[in-house]
Amino acid sequence: MKSVKYVMMGALMLSLSAPAMAQSDNKATIDAIAQAIKSNPAGAADQVKDVFKKYKKNAEVLTGIARAYFDVKDTANARNYAELALKADKKYGPVYILLGDIAVMNNDGGEAASQYQQAIYFDPKNPDAYYKYANIYRKTSPAEAVAKLEELRAQRPDIAVDGMAGHIYYLENDFTKAIERFGQAWSTQKEQMTESNLTEYAMSLFFKQKNQESLDVAKYGLTKNSRDAAFNRLAFFNSTDLKDYDNALVYADALFNKSDSAKFSYFDYTYYGNAYIGKKEYAKGIEMLQKALTMEFDSKTKRAGVVKALSDAYKQSDDYDNAIKYYKEYLSDIEKPSATDRASFAWLYVLQADGEKDATKKEGLLKEAINVYTALKNDEPDAADFTTYKIAQVNAMLDPETKLGLAKPYYEELANMINARENKDAADKARLLEAYRYLGYYYLLKNDKTVSDGYWKKVLELDPNNDAAKQVLGMGKKK
(Lines give C-alpha, C1' and ligand atoms only; values in the text may rest on other atoms or scores of the structure.)
Protein backbone atom coordinates (compact mmCIF):
# COMPACT_ATOMS: atom_id res chain seq x y z
CA MET A 1 0.00 0.00 0.00
CA LYS A 2 2.90 2.37 0.80
CA SER A 3 4.38 1.84 -2.65
CA VAL A 4 1.06 2.91 -4.21
CA LYS A 5 1.03 5.97 -2.00
CA TYR A 6 4.53 7.04 -3.07
CA VAL A 7 3.82 6.38 -6.74
CA MET A 8 0.71 8.58 -6.50
CA MET A 9 2.64 11.23 -4.62
CA GLY A 10 5.36 11.16 -7.25
CA ALA A 11 2.83 11.53 -10.02
CA LEU A 12 1.22 14.39 -8.17
CA MET A 13 4.51 16.19 -7.59
CA LEU A 14 5.37 15.84 -11.25
CA SER A 15 2.07 17.44 -12.15
CA LEU A 16 2.71 20.25 -9.69
CA SER A 17 6.09 20.99 -11.21
CA ALA A 18 4.94 20.89 -14.80
CA PRO A 19 4.77 24.16 -16.71
CA ALA A 20 1.00 23.83 -17.01
CA MET A 21 0.68 23.88 -13.22
CA ALA A 22 2.89 26.90 -13.03
CA GLN A 23 0.25 28.56 -15.17
CA SER A 24 -2.52 27.52 -12.76
CA ASP A 25 -3.62 24.42 -14.62
CA ASN A 26 -6.34 23.74 -12.09
CA LYS A 27 -7.86 20.82 -13.94
CA ALA A 28 -4.65 18.78 -13.98
CA THR A 29 -4.17 19.38 -10.26
CA ILE A 30 -7.76 18.45 -9.45
CA ASP A 31 -7.56 15.29 -11.57
CA ALA A 32 -4.34 14.19 -9.90
CA ILE A 33 -5.48 14.76 -6.32
CA ALA A 34 -8.88 13.24 -7.04
CA GLN A 35 -7.17 10.08 -8.30
CA ALA A 36 -5.03 9.97 -5.18
CA ILE A 37 -8.07 10.31 -2.91
CA LYS A 38 -10.01 7.71 -4.88
CA SER A 39 -7.14 5.20 -4.78
CA ASN A 40 -6.35 5.61 -1.08
CA PRO A 41 -8.50 8.13 0.82
CA ALA A 42 -6.68 7.70 4.13
CA GLY A 43 -3.21 7.70 2.61
CA ALA A 44 -3.85 10.79 0.49
CA ALA A 45 -3.82 13.21 3.43
CA ASP A 46 -0.20 14.34 2.90
CA GLN A 47 -0.74 14.98 -0.81
CA VAL A 48 -3.91 16.94 -0.04
CA LYS A 49 -2.03 19.10 2.48
CA ASP A 50 0.68 19.84 -0.08
CA VAL A 51 -1.92 20.87 -2.65
CA PHE A 52 -3.78 22.97 -0.09
CA LYS A 53 -0.65 24.92 0.84
CA LYS A 54 -0.12 25.85 -2.81
CA TYR A 55 -3.80 26.53 -3.66
CA LYS A 56 -5.37 27.69 -0.39
CA LYS A 57 -6.75 30.79 -2.12
CA ASN A 58 -7.96 28.89 -5.23
CA ALA A 59 -11.67 28.13 -4.83
CA GLU A 60 -11.75 25.89 -7.91
CA VAL A 61 -8.99 23.57 -6.69
CA LEU A 62 -10.33 23.49 -3.14
CA THR A 63 -13.79 22.63 -4.44
CA GLY A 64 -12.18 19.90 -6.54
CA ILE A 65 -10.61 18.41 -3.39
CA ALA A 66 -13.95 18.66 -1.60
CA ARG A 67 -15.72 16.97 -4.52
CA ALA A 68 -13.13 14.15 -4.52
CA TYR A 69 -13.79 13.48 -0.85
CA PHE A 70 -17.54 13.62 -1.46
CA ASP A 71 -17.18 11.02 -4.23
CA VAL A 72 -15.68 8.57 -1.70
CA LYS A 73 -18.46 9.49 0.79
CA ASP A 74 -16.14 11.31 3.20
CA THR A 75 -18.57 14.16 3.88
CA ALA A 76 -16.58 15.54 6.81
CA ASN A 77 -13.53 16.36 4.66
CA ALA A 78 -15.81 17.33 1.77
CA ARG A 79 -17.53 19.96 3.93
CA ASN A 80 -14.22 21.13 5.42
CA TYR A 81 -12.65 21.85 2.02
CA ALA A 82 -15.90 23.31 0.70
CA GLU A 83 -15.88 25.83 3.54
CA LEU A 84 -12.22 26.60 2.81
CA ALA A 85 -13.23 27.20 -0.81
CA LEU A 86 -15.88 29.67 0.34
CA LYS A 87 -13.26 31.56 2.34
CA ALA A 88 -11.21 31.78 -0.82
CA ASP A 89 -14.17 33.00 -2.92
CA LYS A 90 -17.71 33.38 -1.57
CA LYS A 91 -19.05 33.92 -5.09
CA TYR A 92 -17.80 30.63 -6.52
CA GLY A 93 -21.01 28.85 -7.61
CA PRO A 94 -19.82 25.21 -7.85
CA VAL A 95 -18.98 25.08 -4.13
CA TYR A 96 -22.63 25.79 -3.29
CA ILE A 97 -23.65 22.93 -5.58
CA LEU A 98 -21.33 20.66 -3.62
CA LEU A 99 -22.75 21.83 -0.31
CA GLY A 100 -26.20 21.11 -1.69
CA ASP A 101 -25.09 17.61 -2.66
CA ILE A 102 -23.80 17.03 0.87
CA ALA A 103 -27.17 18.14 2.25
CA VAL A 104 -28.93 15.70 -0.09
CA MET A 105 -26.70 12.89 1.17
CA ASN A 106 -27.79 13.87 4.69
CA ASN A 107 -31.48 13.88 3.65
CA ASP A 108 -31.82 17.61 4.30
CA GLY A 109 -33.83 18.78 1.30
CA GLY A 110 -34.43 22.29 2.60
CA GLU A 111 -30.72 22.96 3.13
CA ALA A 112 -29.92 21.45 -0.26
CA ALA A 113 -32.44 23.68 -2.04
CA SER A 114 -31.03 26.72 -0.25
CA GLN A 115 -27.47 25.89 -1.36
CA TYR A 116 -28.54 25.25 -4.96
CA GLN A 117 -30.37 28.59 -4.96
CA GLN A 118 -27.14 30.27 -3.85
CA ALA A 119 -25.31 28.54 -6.69
CA ILE A 120 -27.88 29.89 -9.15
CA TYR A 121 -27.50 33.39 -7.73
CA PHE A 122 -23.72 33.45 -8.14
CA ASP A 123 -23.55 31.37 -11.33
CA PRO A 124 -26.89 31.81 -13.13
CA LYS A 125 -25.73 30.14 -16.35
CA ASN A 126 -24.70 26.84 -14.73
CA PRO A 127 -27.50 24.33 -15.53
CA ASP A 128 -26.45 21.86 -12.83
CA ALA A 129 -27.76 24.01 -9.99
CA TYR A 130 -31.16 24.44 -11.66
CA TYR A 131 -31.52 20.76 -12.33
CA LYS A 132 -30.46 19.74 -8.82
CA TYR A 133 -32.83 22.27 -7.28
CA ALA A 134 -35.62 20.89 -9.47
CA ASN A 135 -34.72 17.35 -8.46
CA ILE A 136 -35.28 18.26 -4.80
CA TYR A 137 -38.88 19.25 -5.54
CA ARG A 138 -39.76 16.71 -8.22
CA LYS A 139 -41.59 14.41 -5.79
CA THR A 140 -43.40 17.01 -3.70
CA SER A 141 -44.08 19.54 -6.44
CA PRO A 142 -43.14 18.63 -10.01
CA ALA A 143 -44.69 21.93 -11.14
CA GLU A 144 -42.32 23.94 -8.92
CA ALA A 145 -39.42 21.82 -10.11
CA VAL A 146 -40.24 22.53 -13.75
CA ALA A 147 -40.79 26.25 -12.97
CA LYS A 148 -37.19 26.44 -11.73
CA LEU A 149 -36.01 24.91 -14.99
CA GLU A 150 -37.95 27.59 -16.88
CA GLU A 151 -35.69 30.18 -15.20
CA LEU A 152 -32.75 28.46 -16.85
CA ARG A 153 -34.31 28.92 -20.30
CA ALA A 154 -33.81 32.69 -20.10
CA GLN A 155 -30.16 32.26 -19.09
CA ARG A 156 -29.27 29.38 -21.42
CA PRO A 157 -31.46 29.20 -24.54
CA ASP A 158 -28.94 26.74 -25.96
CA ILE A 159 -29.92 24.05 -23.41
CA ALA A 160 -32.88 21.73 -24.00
CA VAL A 161 -34.76 22.83 -20.89
CA ASP A 162 -37.85 20.96 -22.06
CA GLY A 163 -35.73 17.83 -22.11
CA MET A 164 -34.75 18.42 -18.49
CA ALA A 165 -38.42 19.00 -17.59
CA GLY A 166 -39.34 15.81 -19.39
CA HIS A 167 -36.78 13.99 -17.26
CA ILE A 168 -38.44 15.29 -14.08
CA TYR A 169 -41.82 13.95 -15.18
CA TYR A 170 -40.26 10.69 -16.39
CA LEU A 171 -38.77 10.03 -12.95
CA GLU A 172 -42.23 10.49 -11.46
CA ASN A 173 -43.75 8.04 -13.97
CA ASP A 174 -45.92 10.79 -15.42
CA PHE A 175 -45.29 9.63 -18.97
CA THR A 176 -48.02 11.80 -20.50
CA LYS A 177 -46.36 15.01 -19.30
CA ALA A 178 -42.92 13.58 -19.99
CA ILE A 179 -43.94 12.99 -23.61
CA GLU A 180 -45.33 16.52 -23.83
CA ARG A 181 -42.11 18.17 -22.63
CA PHE A 182 -39.73 15.82 -24.42
CA GLY A 183 -41.84 16.40 -27.52
CA GLN A 184 -41.31 20.15 -27.27
CA ALA A 185 -37.56 19.63 -27.03
CA TRP A 186 -37.73 17.16 -29.93
CA SER A 187 -39.49 19.66 -32.20
CA THR A 188 -37.35 22.68 -31.32
CA GLN A 189 -33.99 21.51 -29.92
CA LYS A 190 -33.54 17.95 -31.07
CA GLU A 191 -29.78 18.35 -31.50
CA GLN A 192 -29.41 19.63 -27.93
CA MET A 193 -31.21 16.67 -26.36
CA THR A 194 -28.89 14.36 -24.47
CA GLU A 195 -28.78 10.63 -25.12
CA SER A 196 -30.46 10.21 -21.74
CA ASN A 197 -33.28 12.55 -22.81
CA LEU A 198 -33.75 10.63 -26.03
CA THR A 199 -33.80 7.30 -24.22
CA GLU A 200 -36.38 8.50 -21.69
CA TYR A 201 -38.50 10.07 -24.45
CA ALA A 202 -38.50 6.82 -26.41
CA MET A 203 -39.25 4.86 -23.23
CA SER A 204 -42.16 7.15 -22.33
CA LEU A 205 -43.63 6.70 -25.79
CA PHE A 206 -43.11 2.94 -25.54
CA PHE A 207 -44.88 2.78 -22.17
CA LYS A 208 -47.85 4.66 -23.69
CA GLN A 209 -47.84 2.23 -26.65
CA LYS A 210 -46.91 4.92 -29.16
CA ASN A 211 -44.68 2.43 -30.91
CA GLN A 212 -44.00 4.19 -34.19
CA GLU A 213 -43.07 7.45 -32.49
CA SER A 214 -40.89 5.60 -29.99
CA LEU A 215 -39.19 3.77 -32.83
CA ASP A 216 -38.49 7.06 -34.63
CA VAL A 217 -36.78 8.48 -31.54
CA ALA A 218 -34.76 5.31 -30.98
CA LYS A 219 -33.62 5.29 -34.61
CA TYR A 220 -32.52 8.91 -34.28
CA GLY A 221 -30.61 7.99 -31.14
CA LEU A 222 -28.85 5.24 -33.08
CA THR A 223 -27.56 7.84 -35.55
CA LYS A 224 -25.73 9.36 -32.60
CA ASN A 225 -24.59 6.08 -31.03
CA SER A 226 -25.18 2.91 -33.02
CA ARG A 227 -23.86 0.73 -30.19
CA ASP A 228 -26.17 2.11 -27.51
CA ALA A 229 -28.01 -0.81 -25.90
CA ALA A 230 -31.05 1.26 -24.90
CA PHE A 231 -31.66 2.56 -28.42
CA ASN A 232 -31.18 -0.87 -29.99
CA ARG A 233 -33.48 -2.41 -27.38
CA LEU A 234 -36.24 0.13 -27.98
CA ALA A 235 -35.94 -0.19 -31.75
CA PHE A 236 -36.18 -3.97 -31.29
CA PHE A 237 -39.19 -3.87 -28.96
CA ASN A 238 -41.11 -1.32 -30.99
CA SER A 239 -40.49 -3.12 -34.28
CA THR A 240 -41.76 -6.33 -32.68
CA ASP A 241 -44.91 -4.63 -31.41
CA LEU A 242 -45.43 -3.09 -34.85
CA LYS A 243 -45.15 -6.63 -36.31
CA ASP A 244 -42.15 -5.62 -38.40
CA TYR A 245 -40.42 -8.85 -37.48
CA ASP A 246 -37.66 -8.68 -40.09
CA ASN A 247 -36.33 -5.39 -38.73
CA ALA A 248 -37.05 -6.49 -35.17
CA LEU A 249 -34.61 -9.36 -35.60
CA VAL A 250 -32.00 -7.01 -37.09
CA TYR A 251 -32.25 -4.78 -34.02
CA ALA A 252 -32.27 -7.84 -31.75
CA ASP A 253 -28.96 -8.92 -33.26
CA ALA A 254 -27.60 -5.40 -32.72
CA LEU A 255 -28.71 -5.48 -29.08
CA PHE A 256 -27.31 -8.90 -28.26
CA ASN A 257 -24.15 -8.78 -30.37
CA LYS A 258 -23.27 -5.19 -31.29
CA SER A 259 -24.11 -3.05 -28.24
CA ASP A 260 -21.78 -1.75 -25.56
CA SER A 261 -22.24 -2.84 -21.95
CA ALA A 262 -25.56 -4.52 -22.66
CA LYS A 263 -27.12 -6.52 -19.85
CA PHE A 264 -30.02 -8.80 -20.67
CA SER A 265 -33.22 -9.68 -18.85
CA TYR A 266 -36.07 -12.12 -19.33
CA PHE A 267 -37.90 -9.28 -21.11
CA ASP A 268 -35.26 -9.16 -23.86
CA TYR A 269 -35.45 -12.89 -24.48
CA THR A 270 -39.25 -12.82 -24.37
CA TYR A 271 -39.34 -10.17 -27.08
CA TYR A 272 -36.73 -12.13 -29.04
CA GLY A 273 -39.01 -15.15 -28.84
CA ASN A 274 -42.03 -13.07 -29.90
CA ALA A 275 -40.15 -11.74 -32.93
CA TYR A 276 -39.18 -15.23 -34.10
CA ILE A 277 -42.70 -16.51 -33.51
CA GLY A 278 -44.04 -13.56 -35.51
CA LYS A 279 -41.82 -14.80 -38.34
CA LYS A 280 -43.26 -18.30 -37.79
CA GLU A 281 -39.81 -19.54 -36.82
CA TYR A 282 -41.30 -21.39 -33.89
CA ALA A 283 -38.28 -23.49 -32.90
CA LYS A 284 -36.11 -20.38 -32.51
CA GLY A 285 -38.89 -18.53 -30.73
CA ILE A 286 -39.39 -21.37 -28.27
CA GLU A 287 -35.64 -21.51 -27.66
CA MET A 288 -35.63 -17.82 -26.71
CA LEU A 289 -38.65 -18.17 -24.43
CA GLN A 290 -36.99 -21.13 -22.73
CA LYS A 291 -33.93 -18.92 -22.25
CA ALA A 292 -36.15 -16.22 -20.74
CA LEU A 293 -37.33 -18.69 -18.10
CA THR A 294 -33.74 -19.17 -16.93
CA MET A 295 -33.42 -15.47 -16.11
CA GLU A 296 -34.22 -13.73 -12.84
CA PHE A 297 -37.80 -12.49 -12.32
CA ASP A 298 -38.95 -9.96 -9.77
CA SER A 299 -42.38 -11.54 -9.47
CA LYS A 300 -44.05 -14.89 -9.98
CA THR A 301 -46.71 -13.21 -12.12
CA LYS A 302 -44.16 -11.99 -14.67
CA ARG A 303 -42.64 -15.43 -14.93
CA ALA A 304 -46.10 -16.88 -15.45
CA GLY A 305 -46.57 -14.50 -18.37
CA VAL A 306 -43.52 -16.00 -20.10
CA VAL A 307 -44.76 -19.52 -19.36
CA LYS A 308 -48.06 -18.66 -21.07
CA ALA A 309 -46.19 -17.19 -24.05
CA LEU A 310 -44.29 -20.47 -24.30
CA SER A 311 -47.54 -22.44 -24.21
CA ASP A 312 -48.94 -20.22 -26.96
CA ALA A 313 -45.80 -20.78 -29.05
CA TYR A 314 -46.16 -24.55 -28.78
CA LYS A 315 -49.84 -24.19 -29.67
CA GLN A 316 -48.98 -22.24 -32.82
CA SER A 317 -46.51 -24.94 -33.80
CA ASP A 318 -49.22 -27.62 -33.24
CA ASP A 319 -47.31 -29.19 -30.33
CA TYR A 320 -50.31 -29.54 -28.04
CA ASP A 321 -48.64 -31.83 -25.53
CA ASN A 322 -46.20 -29.07 -24.60
CA ALA A 323 -48.83 -26.36 -25.01
CA ILE A 324 -50.97 -28.11 -22.39
CA LYS A 325 -47.98 -28.85 -20.17
CA TYR A 326 -46.92 -25.19 -19.97
CA TYR A 327 -50.48 -23.92 -19.71
CA LYS A 328 -50.94 -26.10 -16.62
CA GLU A 329 -47.79 -24.52 -15.19
CA TYR A 330 -49.11 -21.06 -16.03
CA LEU A 331 -52.41 -21.72 -14.26
CA SER A 332 -50.61 -22.98 -11.17
CA ASP A 333 -48.30 -19.96 -11.08
CA ILE A 334 -50.87 -17.16 -11.23
CA GLU A 335 -52.74 -16.19 -8.10
CA LYS A 336 -56.27 -16.60 -9.47
CA PRO A 337 -56.81 -17.82 -13.04
CA SER A 338 -59.55 -15.88 -14.80
CA ALA A 339 -62.52 -17.52 -16.50
CA THR A 340 -60.88 -16.73 -19.83
CA ASP A 341 -57.66 -18.43 -18.70
CA ARG A 342 -59.52 -21.60 -17.78
CA ALA A 343 -61.66 -21.61 -20.90
CA SER A 344 -58.53 -21.22 -23.04
CA PHE A 345 -57.00 -24.21 -21.27
CA ALA A 346 -60.07 -26.34 -22.03
CA TRP A 347 -59.90 -25.31 -25.68
CA LEU A 348 -56.34 -26.64 -25.94
CA TYR A 349 -57.71 -30.13 -25.31
CA VAL A 350 -60.30 -29.57 -28.04
CA LEU A 351 -57.66 -28.44 -30.51
CA GLN A 352 -55.47 -31.43 -29.73
CA ALA A 353 -58.44 -33.76 -30.09
CA ASP A 354 -59.22 -32.30 -33.50
CA GLY A 355 -55.95 -33.64 -34.90
CA GLU A 356 -55.92 -36.90 -32.99
CA LYS A 357 -56.41 -40.04 -35.13
CA ASP A 358 -56.73 -42.52 -32.27
CA ALA A 359 -60.41 -42.62 -31.30
CA THR A 360 -59.77 -43.55 -27.68
CA LYS A 361 -57.21 -40.76 -27.18
CA LYS A 362 -59.52 -38.30 -28.92
CA GLU A 363 -62.38 -39.22 -26.61
CA GLY A 364 -60.12 -38.80 -23.58
CA LEU A 365 -59.02 -35.34 -24.69
CA LEU A 366 -62.58 -34.16 -25.28
CA LYS A 367 -63.62 -35.44 -21.86
CA GLU A 368 -60.71 -33.51 -20.30
CA ALA A 369 -62.07 -30.37 -21.99
CA ILE A 370 -65.56 -31.08 -20.62
CA ASN A 371 -64.13 -31.53 -17.13
CA VAL A 372 -62.42 -28.12 -17.29
CA TYR A 373 -65.55 -26.40 -18.62
CA THR A 374 -67.71 -28.10 -15.98
CA ALA A 375 -65.42 -26.99 -13.15
CA LEU A 376 -65.48 -23.47 -14.55
CA LYS A 377 -69.29 -23.56 -14.74
CA ASN A 378 -69.50 -24.58 -11.09
CA ASP A 379 -67.01 -21.91 -9.96
CA GLU A 380 -68.22 -19.03 -12.13
CA PRO A 381 -72.06 -18.85 -12.23
CA ASP A 382 -71.88 -15.63 -14.27
CA ALA A 383 -70.24 -17.61 -17.07
CA ALA A 384 -72.81 -20.42 -17.00
CA ASP A 385 -74.27 -19.69 -20.43
CA PHE A 386 -70.81 -19.68 -22.06
CA THR A 387 -69.64 -22.84 -20.30
CA THR A 388 -72.91 -24.65 -21.00
CA TYR A 389 -72.56 -23.69 -24.66
CA LYS A 390 -69.00 -25.04 -24.80
CA ILE A 391 -69.93 -28.25 -22.96
CA ALA A 392 -72.70 -28.76 -25.52
CA GLN A 393 -70.29 -28.23 -28.40
CA VAL A 394 -67.69 -30.66 -27.05
CA ASN A 395 -70.36 -33.29 -26.36
CA ALA A 396 -71.49 -32.87 -29.96
CA MET A 397 -67.89 -33.62 -31.00
CA LEU A 398 -67.98 -36.79 -28.88
CA ASP A 399 -71.15 -37.81 -30.71
CA PRO A 400 -70.54 -36.60 -34.29
CA GLU A 401 -73.44 -38.53 -35.77
CA THR A 402 -75.85 -37.36 -33.03
CA LYS A 403 -76.84 -40.97 -32.29
CA LEU A 404 -76.54 -40.63 -28.52
CA GLY A 405 -77.74 -37.07 -28.16
CA LEU A 406 -74.92 -36.28 -25.73
CA ALA A 407 -75.25 -32.57 -26.36
CA LYS A 408 -79.07 -32.50 -26.10
CA PRO A 409 -79.46 -31.69 -22.38
CA TYR A 410 -76.87 -28.93 -22.60
CA TYR A 411 -78.37 -27.25 -25.66
CA GLU A 412 -81.79 -27.44 -23.98
CA GLU A 413 -80.34 -25.87 -20.83
CA LEU A 414 -78.63 -23.19 -22.91
CA ALA A 415 -81.87 -22.35 -24.75
CA ASN A 416 -83.72 -21.99 -21.46
CA MET A 417 -81.01 -19.71 -20.04
CA ILE A 418 -81.07 -17.39 -23.04
CA ASN A 419 -84.87 -17.32 -23.42
CA ALA A 420 -85.18 -16.28 -19.78
CA ARG A 421 -83.55 -12.97 -20.69
CA GLU A 422 -85.61 -10.02 -21.76
CA ASN A 423 -82.82 -8.61 -23.92
CA LYS A 424 -80.63 -10.77 -26.13
CA ASP A 425 -77.44 -9.65 -27.83
CA ALA A 426 -75.94 -10.97 -31.06
CA ALA A 427 -73.95 -13.67 -29.22
CA ASP A 428 -77.11 -14.87 -27.46
CA LYS A 429 -78.96 -15.16 -30.76
CA ALA A 430 -76.07 -17.01 -32.41
CA ARG A 431 -75.93 -19.56 -29.57
CA LEU A 432 -79.69 -19.94 -29.53
CA LEU A 433 -79.69 -20.57 -33.27
CA GLU A 434 -77.05 -23.30 -32.84
CA ALA A 435 -79.05 -24.92 -30.05
CA TYR A 436 -82.25 -24.97 -32.13
CA ARG A 437 -80.46 -26.42 -35.15
CA TYR A 438 -78.96 -29.22 -33.06
CA LEU A 439 -82.24 -30.03 -31.34
CA GLY A 440 -84.17 -29.90 -34.60
CA TYR A 441 -81.73 -32.31 -36.20
CA TYR A 442 -81.70 -34.59 -33.15
CA TYR A 443 -85.48 -35.00 -33.17
CA LEU A 444 -85.46 -35.38 -36.95
CA LEU A 445 -83.17 -38.39 -36.54
CA LYS A 446 -85.57 -39.72 -33.89
CA ASN A 447 -88.44 -39.42 -36.37
CA ASP A 448 -90.27 -37.04 -34.04
CA LYS A 449 -91.37 -34.64 -36.79
CA THR A 450 -93.64 -32.56 -34.59
CA VAL A 451 -90.93 -31.62 -32.09
CA SER A 452 -88.32 -31.35 -34.85
CA ASP A 453 -90.45 -28.96 -36.92
CA GLY A 454 -91.02 -26.84 -33.83
CA TYR A 455 -87.30 -26.28 -33.45
CA TRP A 456 -86.78 -25.62 -37.16
CA LYS A 457 -89.53 -23.00 -37.08
CA LYS A 458 -87.64 -21.31 -34.24
CA VAL A 459 -84.54 -21.41 -36.41
CA LEU A 460 -86.44 -19.51 -39.12
CA GLU A 461 -87.60 -16.93 -36.61
CA LEU A 462 -83.94 -16.13 -35.92
CA ASP A 463 -82.68 -16.74 -39.44
CA PRO A 464 -85.47 -16.39 -42.04
CA ASN A 465 -83.16 -17.45 -44.88
CA ASN A 466 -81.89 -20.65 -43.26
CA ASP A 467 -81.86 -23.20 -46.07
CA ALA A 468 -81.67 -26.26 -43.80
CA ALA A 469 -84.81 -25.20 -41.93
CA LYS A 470 -86.67 -24.47 -45.13
CA GLN A 471 -85.75 -27.86 -46.56
CA VAL A 472 -86.83 -29.77 -43.47
CA LEU A 473 -90.10 -27.85 -43.34
CA GLY A 474 -90.74 -28.46 -47.03
CA MET A 475 -90.27 -24.82 -47.93
CA GLY A 476 -87.30 -25.34 -50.23
CA LYS A 477 -87.34 -24.53 -53.91
CA LYS A 478 -89.10 -27.14 -56.02
CA LYS A 479 -87.61 -28.23 -59.30
Side-chain angles (χ1 to χ4, degrees), residues 160 163-164 166-167 170-171 173 175 178-179 181-183 185-187 189-298 302-303 305-310 312-314 316-317:
M164 299 172 75
H167 175 66
Y170 177 83
L171 292 176
N173 294 327
F175 300 121
I179 289 171
R181 297 309 292 261
F182 280 134
W186 175 260
S187 61
Q189 292 180 300
K190 183 190 296 187
E191 291 297 328
Q192 281 71 50
M193 291 180 75
T194 64
E195 287 188 18
S196 177
N197 283 167
L198 293 169
T199 299
E200 291 174 353
Y201 184 26
M203 285 293 292
S204 299
L205 291 164
F206 176 73
F207 289 144
K208 300 299 284 187
Q209 298 181 314
K210 297 178 181 292
N211 296 109
Q212 186 58 58
E213 294 170 69
S214 180
L215 176 60
D216 292 341
V217 176
K219 288 168 71 174
Y220 175 73
L222 287 171
T223 66
K224 292 179 171 291
N225 184 356
S226 64
R227 297 187 62 85
D228 183 88
F231 293 139
N232 277 314
R233 178 176 284 111
L234 283 161
F236 165 35
F237 286 2
N238 283 300
S239 295
T240 303
D241 286 344
L242 290 167
K243 303 187 187 308
D244 182 1
Y245 301 118
D246 287 327
N247 277 317
L249 291 171
V250 171
Y251 288 121
D253 179 64
L255 170 63
F256 280 86
N257 302 308
K258 301 170 187 175
S259 293
D260 295 324
S261 303
K263 295 181 180 179
F264 308 117
S265 72
Y266 80 91
F267 211 56
D268 297 313
Y269 286 104
T270 300
Y271 259 90
Y272 216 158
N274 291 342
Y276 273 126
I277 291 165
K279 282 273 291 178
K280 302 188 185 306
E281 296 184 34
Y282 299 117
K284 291 181 180 178
I286 288 168
E287 180 185 353
M288 290 300 165
L289 292 174
Q290 292 281 16
K291 178 70 174 177
L293 289 178
T294 68
M295 307 298 285
E296 183 177 348
F297 290 84
D298 56 13
K302 290 178 181 177
R303 188 181 187 281
V306 178
V307 173
K308 184 178 183 300
L310 188 56
D312 291 342
Y314 278 117
Q316 291 180 63
S317 62

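Given the structure is predicted, the values throughout are model-derived calculations rather than measurements.
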Could you report the tightest heavy-atom contact between [X] and [Y], atom names first, then the distance?
X: Phe206; Y: Asp241; result: CE1-OD2, 3.5 Å
X: Tyr220; Y: Lys190; result: CZ-CD, 3.3 Å
X: Val306; Y: Tyr266; result: CG2-CD1, 3.8 Å
X: Ala229; Y: Ala262; result: CB-CB, 3.8 Å
X: Phe182; Y: Gly166; result: CZ-C, 3.3 Å
X: Ala235; Y: Ala218; result: N-CB, 3.9 Å

Interatomic distance, [X] atom [atom1] to [Y] atom [atom2] [nearest 0.5 angstrom]:
X: Phe175; Y: Lys210; atom1: CZ; atom2: NZ; value: 13.5 Å
X: Met295; Y: Thr270; atom1: CE; atom2: OG1; value: 9.5 Å
X: Trp186; Y: Met193; atom1: CH2; atom2: CE; value: 7.0 Å
X: Gln316; Y: Ile277; atom1: CD; atom2: CD1; value: 6.0 Å
X: Met288; Y: Leu310; atom1: CE; atom2: CG; value: 13.0 Å
X: Leu222; Y: Glu195; atom1: CG; atom2: CD; value: 9.5 Å

Do [X] and [Y] touch side chain to side chain, with heavy atoms closer than 4.5 Å?
X: Gln212; Y: Asp216; value: yes
X: Val217; Y: Leu205; value: yes
X: Gln290; Y: Thr294; value: no

In this structure, is the centre-to-centre distance between the rings of Tyr276 and Tyr282 below 6.0 Å?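 Between Tyr282 and Tyr276, the centre distance exceeds or equals 6.0 Å.
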_Partner residues of Phe267 under the side-chain contact (heavy atoms from CB on, under 4.5 Å) criterion, sequence neighbours left out_ =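 side-chain contact (heavy atoms from CB on, under 4.5 Å) list for Phe267, sorted by chain: Phe237, Ser265, Tyr271.
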request  = Verify whether one side chain among Asn247 and Asp244 offers a donor that lies under 3.5 Å from an acceptor in the other.
outcome  =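 Judged by distance alone, the side chains do pair up.
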Check: Hey, are Ser259 and Asn232 close enough side-chain-wise for a donor-acceptor pair under 3.5 Å?
Finding: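 Distance-only check passes for Asn232 and Ser259.
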Name all residues meeting the salt bridge (charged side-chain N to carboxylate O under 4.0 Å, His left out) criterion together with [X]; count only those two or more places apart in sequence or in a different chain, and write none if there are none.
X: Asp312; answer: Lys308
X: Glu281; answer: Lys284
X: Arg233; answer: Asp268

### Task
Might you work through the side-chain contact (heavy atoms from CB on, under 4.5 Å) test for Tyr251 and Phe231, ending with a clear yes or no?
CA-CA 9 Å; Tyr251 288 121; Phe231 293 139; over 6 Å; no
Exercise for review: Kindly state each residue pair satisfying salt bridge (charged side-chain N to carboxylate O under 4.0 Å, His left out) with at least one member in residues 220-232, sequence neighbours excluded.
Suggested key: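 Applying salt bridge (charged side-chain N to carboxylate O under 4.0 Å, His left out) to every pair that reaches into residues 220-232, excluding sequence neighbours, yields Glu191-Lys224, Arg227-Asp260.
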Item checked: Aromatic ring pairing Phe236/Tyr272, orientation class (parallel under 30°, perpendicular over 60°, tilted between) ->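 Taking Tyr272 first and then Phe236, their aromatic rings stand perpendicular (interplane angle over 60°).
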Original post:
side-chain contact (heavy atoms from CB on, under 4.5 Å) between Leu215 and Leu234: does it pass, once the steps are laid out?
Top reply: CA-CA 7 Å; Leu215 176 60; Leu234 283 161; over 6 Å; no
**Asked** Does Lys291 make a cation-pi contact with Tyr269 (under 6.0 Å, within 45 degrees of the axis)?
**Response**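 Satisfied, under 6.0 Å and within 45°.
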What residues, two or more places apart in sequence or in another chain, satisfy side-chain hydrogen bond (donor to acceptor under 3.5 Å, both in side chains) together with Ser317?
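Partners of Ser317 by the side-chain hydrogen bond (donor to acceptor under 3.5 Å, both in side chains) criterion come out as none, since no residue qualifies.
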Criterion side-chain hydrogen bond (donor to acceptor under 3.5 Å, both in side chains) on Asn238 and Ser214, from CA distance to verdict = CA-CA 7 Å; Asn238 283 300; Ser214 180; 2.8 Å; yes
